[in-house]
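Worksheet: the structure to be examined is printed underneath.
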Amino acid sequence: MKKFVKIVAAASLAACVSWSFASCARDGSDGGVVSVYMPDGAPALAMAQLMVEEPDLGIETKYSVVDANTIQTYVSGGSADVCILPVNAAAAVAGDGKSYTMLGVVTHGNLYMLSAKYDQNVTSENLTSLVGKSVGCIQLQSFVGTVLKAVLEDKGIPYTVVEDVSQADEGKVNLINIANPATEITPAAEFDYMVAAEPVVTAKTSNGAIKVVGDLQQLYGEGGYPQAVMVAKNSLAEDEPEYITALISAVTESAEWIVSDYASAEDIVEAVNGNGGATLNVNNLKPQTISRCAVSFQTALSAREEVLAFIQKYNAVTQSDIKVSDSFFYGYGA
C-alpha cells in the first residue's frame with residue numbers, strides 16, 4: 001500500500017483529536033462512522049484510492065460497494081451519509097436539495113458502441129448509417145438508453161424500441177434492451193450494434209471478435225455528459241464542513257492517482273471487492289479501461305449548467321418532470 005497524503009483540515013483535527021466519536025457523532029446507521037455507498041463497477045473507481053489506502057479524513061469512514069440497481073435506495077431511504085449514483089437518479093430522489101446536496105461529478109461517461117458485424121467507426125457525421133439497423137443497449141429504459149436516445153434526437157434521427165430484430169423498422173434505428181450483458185453481448189449476438197459500459201467493454205472486446213466502433217461521449221458532444229455524481233447529507237455538509245473539504249480533496253486526488261503508475265490493478269480490485277464489489281477483476285482493469293471510465297472530479301458549482309442541461313434532455317426523452325433546485329448544488333449562493 002502506498003502512503004496516502006493525509007488531507008485533514010486543522011479545524012477537523014482540533015474537533016476530533018481524541019477520536020471520541022461522541023464529539024463527532026453522525027446521524028447515520030453507524031453512529032460516529034460516515035457511511036459511503038457507491039455502485040459496483042466504474043463509479044467505484046472514483047473512490048479507489050480511498051478504499052486502497054484508507055486516508056484519515058477526520059472522521060472514520062466506511063465504504064460500501066453495492067448493486068447498481070439498488071444504489072438510489074440508499075439516498076431515498078436516508079441510510080447513506082455520502083453516496084455516488086447516476087445523475088438522473090440523484091436528481092430524481094434528492095434534486096429538491098432538502099436532504100442531500102451534490103458535491104460534484106465523479107465520472108463523465110463510460111459508454112461505447114460495439115459491433116461484431118461492422119468495422120466502420122460510428123461518428124456524428126455518419127450516425128444515419130444506424131437507420132434500419134438493430135442496436136442492443138444495456139439499461140435501455142434508464143441512464144444508458146437515455147444517453148443513446150438523446151444523441152439520436154439531437155441529430156433528428158428516428159428510432160423505435162422493439163422486442164427483437166424480427167420487429168425491426170427499416171426506416172428507424174431499432175433499439176433493443178440487453179437484459180444480461182454477460183450472455184447477450186457475444187460475437188453471435190443478433191444485434192448489428194451493441195451499447196455497453198466499461199469495464200464490460202474491455203471484457204467483451206478482449207479477443208477481437210467484437211470491436212469498439214463508437215464513443216457515446218463524443219456522439220453526445222459538448223465535452224461529454226455528467227454521469228455519476230457524489231452527494232452528501234445536508235446535515236453532514238453543515239455540521240462537518242472540514243470533513244467535506246477533506247473528502248472532496250481525497251476524491252480529486254484519487255482520480256489523478258488511478259491513472260498514474262502508482263495505482264495497482266491488483267490493489268484496486270482487492271479493495272473494491274473487499275468492500276462488497278463483484279464486477280471488477282484484474283483482467284478487465286487495464287489502463288485503457290480506466291481511462292475510458294472517465295473518472296475525474298468536477299465541483300457541483302462548475303458542473304451545475306451541465307447537470308441542468310442533462311436533466312432537461314433526460315426529461316424530454318423519458319417524459320419525466322424531474323426538477324432540480326439550486327440548493328442541490330453544494331456551495332451555490334454561499
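On a predicted model such as this, the values are computed, not experimentally measured, just so you know. No hydrogens, no waters, no symmetry mates; every other heavy atom, side chains included, goes into these values.
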Donor-acceptor check, side chain of [X] to backbone of [Y], threshold 3.5 angstrom: yes or no?
X	Y	answer
Thr289	Pro199	no
Tyr118	Val213	no
Thr107	Ala228	yes
Ser291	Gln288	no
Lys286	Ala265	no
His108	Ser296	yes
Thr186	Ala189	yes
Asp40	Val65	no
Asn126	Thr123	yes
Asn180	Ile178	no

Would you say the side chains of [X] and [Y] form a donor-acceptor pair under 3.5 Å?
X	Y	result
Ser302	Thr299	yes
Ser35	Asp81	yes
Gln167	Asn174	no
Gln49	Tyr262	no
Glu198	Thr202	yes

Out of curiosity, [X] [atom1] to [Y] [atom2], how far, rounded to the nearest 0.5 Å?
X	Y	atom1	atom2	answer
Thr101	Leu103	OG1	CG	6.0 Å
Tyr37	Lys62	OH	NZ	6.0 Å
Glu240	Leu247	CD	CG	12.5 Å
Ser166	Glu190	OG	CD	8.0 Å
Arg292	Asp215	CZ	CG	8.5 Å
Ile71	Thr73	CD1	OG1	7.0 Å

* State yes or no: are the ring centers of Phe143 and Phe310 separated by less than 6.0 Å? => yes
* Identify which one of Glu153, Lys149, Lys172 satisfies the side chain to side chain donor-acceptor pair (under 3.5 Å) criterion when paired with Tyr159. => Glu153
Heavy-atom pair of closest approach, residues [X] and [Y]:
X	Y	answer
Ala116	Ile210	CB-CG1, 4.1 Å
Val131	Glu170	CG1-O, 3.6 Å
Cys293	Asn110	CA-CB, 3.8 Å
Phe329	Ala300	CD2-O, 3.7 Å
Ala48	Ile268	CB-CG2, 4.1 Å
Pro241	Glu238	CD-O, 3.7 Å

* Using a strict cut-off of less than 4.0 Å between a Lys/Arg side-chain nitrogen and an Asp/Glu carboxylate oxygen, indicate whether Lys313 and Glu222 qualify as a salt bridge. => yes
Any non-hydrogen side-chain atom of [X] less than 4.5 Å from a side-chain atom of [Y]?
X	Y	result
Ile248	Phe297	yes
Val251	Met47	yes
Tyr193	Leu130	yes
Arg304	Asp326	yes
Leu45	Leu280	yes
Gln218	Leu216	no
Tyr63	Val272	no
Ile138	Asn177	no

* Run the numbers on Leu175 and Thr160 for side-chain contact (heavy atoms from CB on, under 4.5 Å), then give the verdict. => CA-CA 6 Å; Leu175 308 181; Thr160 184; over 6 Å; no
Just to verify, what does [X] make a side chain to side chain donor-acceptor pair (under 3.5 Å) with, not counting sequence neighbours?
X	answer
Ser115	none
Asn234	none
Gln298	Glu306

* **Residues Asp192, Val135; criterion side-chain contact (heavy atoms from CB on, under 4.5 Å); working and verdict** => CA-CA 6 Å; Asp192 294 309; Val135 181; over 6 Å; no
* To do: Count the heavy atoms belonging to other residues, nucleotides or ligands that lie under 6.0 Å from NZ of Lys155, then report whether that count exceeds 12.
  => no
* To do: Check the surroundings of atom CD in Gln312: do more than 12 heavy atoms from other residues, nucleotides or ligands lie under 6.0 Å from it?
  => no
* For the residue pair Tyr225 and Tyr220, categorise the inter-ring angle as parallel (less than 30°), tilted (30 to 60°) or perpendicular (more than 60°). => perpendicular
* Can Leu85 and Val75 be said to form a side-chain contact (heavy atoms from CB on, under 4.5 Å), step by step? -> CA-CA 9 Å; Leu85 69 170; Val75 173; 4.2 Å; yes
* Can Leu127 and Leu152 be said to form a side-chain contact (heavy atoms from CB on, under 4.5 Å), step by step? -> CA-CA 8 Å; Leu127 197 57; Leu152 295 172; 4.2 Å; yes
